[in-house]
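Only one structure is covered here, and it is reproduced in the block below.
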Amino acid sequence: MGGCPSNAMALPQGPRLNESAGLQNGWPPKSLGCWSTYSTNTSTADAFSFYSDRSNVPGWTITEAHPESTTVNFVSASKPNFQAMVSVSGSGSALWNHPGRTRIDITVCFCDPRSFEG
């Protein structure tokens with residue numbers, strides 16, 4: 001799978017990992033993917049622009065980009081059914097115990113990552 005989001009999906013300069021977990025299914029457990037939440041001092045607009053620029057996400061094809069919700073969806077260029085979703089939000093959604101103006105949520109999985117939206 002290429003590791004959790006920090007290995008599978010590019011990151012802008014200087015984010016801080018806040019939380020990360022694997023996504024598993026079945027017995028014995030089969031790894032479907034994982035998600036991570038980062039905080040950064042990069043502006044929301046700059047973080048969204050980073051993920052909207054194809055040159056910053058090698059190995060991924062952008063399938064949807066929604067500026068109004070600052071969400072970008074991807075599919076792997078080399079692994080069938082491997083998808084990713086990046087959601088960027090401003091300081092109102094930053095984690096209280098992890099300072100940073102911008103929160104970046106990344107889900108990568110052999111599934112539809114939108115099914116994990118809260």
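Just so we're clear, the structure is a prediction, and the values are computed from it rather than from any experiment.
- Considering only residues two or more places apart in sequence or on other chains, Asn56 meets the side chain to side chain donor-acceptor pair (under 3.5 Å) condition with none of them.
- The shortest heavy-atom contact between Asp46 and Ser43 is N-OG, 3.0 Å.
- Put simply, the side chain of Ser20 reaches to within 4.5 Å of the side chain of Leu17, judged on heavy atoms.
- Between Trp60 and Phe82, the ring-plane angle classifies as tilted under the 30° and 60° cut-offs.
- For the pair Ser52 and Val72, the tightest heavy-atom approach, listed with the atom from each and the gap, is OG-CG2, 4.0 Å.
- Put simply, the residue from Ile106, Ile62, Asn73 that forms a side chain to side chain contact (heavy atoms under 4.5 Å, CB included) with Tyr51 is Ile106.
- When side chains are defined from C-beta on, Arg103 does not count as touching Ser39, because their heavy atoms never get closer than 4.5 Å.
- Here the straight-line distance linking atom CZ of Phe48 with atom OG of Ser69 works out to 7.5 Å at 0.5 Å rounding.
- Every residue two or more places apart in sequence or in another chain was checked for a side-chain contact (heavy atoms from CB on, under 4.5 Å) with Ser49, and none qualifies.
- Of all heavy-atom pairs between Thr71 and Ser87, the closest is OG1-OG, 3.9 Å.
- Considering only heavy atoms from C-beta on, Thr37 stays 4.5 Å or farther from Ile104 through its side chain.
- Taking both residues in full, the closest heavy atoms of Val108 and Ala84 are given as CG1-CB, 3.6 Å, listed atom of the first, atom of the second, then distance.
- Atom CG in Asn41 sits 10.5 Å away from atom CZ in Arg16 (nearest 0.5 Å).
- Side-chain contact between Trp35 and Met85 is absent, with no heavy atoms from C-beta onward closer than 4.5 Å.
- At least one side-chain heavy atom of Val86 sits under 4.5 Å from a side-chain heavy atom of Phe74.
- The side chain to side chain donor-acceptor pair (under 3.5 Å) test applied to Thr61 returns no partner, not counting sequence neighbours.
- Considering only residues two or more places apart in sequence or on other chains, Thr42 meets the side chain to side chain donor-acceptor pair (under 3.5 Å) condition with Thr40.
- Pro67 and Ala65 make their closest contact through CD-O, 3.4 Å (heavy atoms, listed as atom of the first residue, atom of the second, distance).
- Under the rule for a side chain to side chain donor-acceptor pair (under 3.5 Å), Ser78 has no partner lying at least two apart in sequence or in another chain.
- Considering all non-hydrogen atoms of both residues, Tyr38 and Ser36 come closest at CE1-CB, 3.5 Å.
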